[in-house]
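Remember, it's 1-based here, ligands and their atoms both numbered in the order they're listed.
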Amino acid sequence: MLAVCEKHVELYKELDAYIEELKGKKGILINVLHKAQELFGWLPQEVQDHVAKKLNIPSSVVYGVVTFYNFFSTKPKGKNQIKICLGTACYVKGADRVMERFLNELGVEESEVTKDGKFSVHGVRCLGACSMAPVVLVGEKDFYGKVTPDMVPGIIKKYKGEG
Ligand code: FES
């Protein structure tokens, strides 16, 4: 699945250095997985196996933890995850059209990653800001309210140049 390229070698090195720092402490698995997800963007099987080996625990234990917590992802995601709220308040204000525009502009299906790896689009439940409907969240903290389909190209453009 993962091509072994220089970039990945570097990421593994960084992960190993992090594991070294924590070694000997208790309950570090979640921290290590967080770090791994931060580095790789998701947790492919290879990375899970690597963590298991490094921590001397069975892969099945790692897999169990990864699938238990929904903040861990076993599917690739774009560098910039675009989350479109499809909760009721946003939906009635046209979130479906906003979603459609994002998918068209980026030429992807929902949850699929763009070829350059920069974006993936995900429909999510209420983001708790219904008065700003329809709302879109890019990454963890870039929040856009009252989004119209025409705003979509401008939002995408902001992140195009990154990385
Ligand atoms: S329904 Fe979209 S923020 Fe609540």
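- Proximity to Gly128 (heavy-atom distance under 4.0 Å) selects the following atoms of ligand 1: 3 (S).
- Put simply, CD1 on Ile82 and OH on Tyr144 are 9.0 Å apart, with the number rounded to the nearest 0.5 Å.
- Among the atoms of Cys85, an N, O or S atom falls under 2.8 Å of atom 2 (Fe) of ligand 1.
- Shown here is Lys93, whose NZ atom has no more than 12 heavy atoms of other residues, nucleotides or ligands within 6.0 Å.
- The distance from ligand 1 to the heavy atoms of Ala89 drops below 4.0 Å at these ligand atoms: 1 (S).
- The shell of residues lying under 4.0 angstrom from ligand 1, judged by heavy atoms, includes Ala129.
- For atom 4 (Fe) of ligand 1, the set of nearby N, O or S atoms under 2.8 Å includes none belonging to Cys90.
- In the vicinity of Val135, heavy-atom distances shorter than 4.0 Å reach the ligand 1 atoms 3 (S).
- Short contacts between ligand 1 and Cys130, defined as distances under 4.0 Å to a heavy atom of the residue, involve ligand atoms 1 (S), 3 (S), 4 (Fe).
- Lys79 is not listed as a side-chain neighbour of Tyr159, based on a closest heavy-atom distance of 4.5 Å or more.
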Would you be so kind as to tabulate the donor-acceptor pairs closer than 3.5 Å made by side chains of residues 102-117, with sequence neighbours excluded?
residue, atom, partner, partner atom, Å
Glu105, OE2, Arg101, NE, 3.0
Glu105, OE2, Arg101, NH2, 3.4
Glu110, OE2, Gly123, N, 2.9
Glu112, OE1, Glu109, N, 2.7
Thr114, OG1, Asp116, OD1, 2.7
Thr114, OG1, Lys118, N, 3.3
Thr114, OG1, Phe119, N, 3.0
Thr114, OG1, Phe119, O, 3.4
Asp116, OD1, Lys118, N, 2.9

Does Glu100 form a salt bridge (charged side-chain N to carboxylate O under 4.0 Å, His left out) with Arg97? I'd like the steps, not just the answer. CA-CA 5 Å; Glu100 213 178 283; Arg97 279 180 284 120; over 6 Å; no
Set out, in order, the CA-CA distance, both residues' side-chain angles and the distance that settles ring-ring contact (aromatic ring centres under 6.0 Å, His included) for Phe72 and Tyr63, then state yes or no. CA-CA 10 Å; Phe72 290 132; Tyr63 184 72; over 10 Å; no
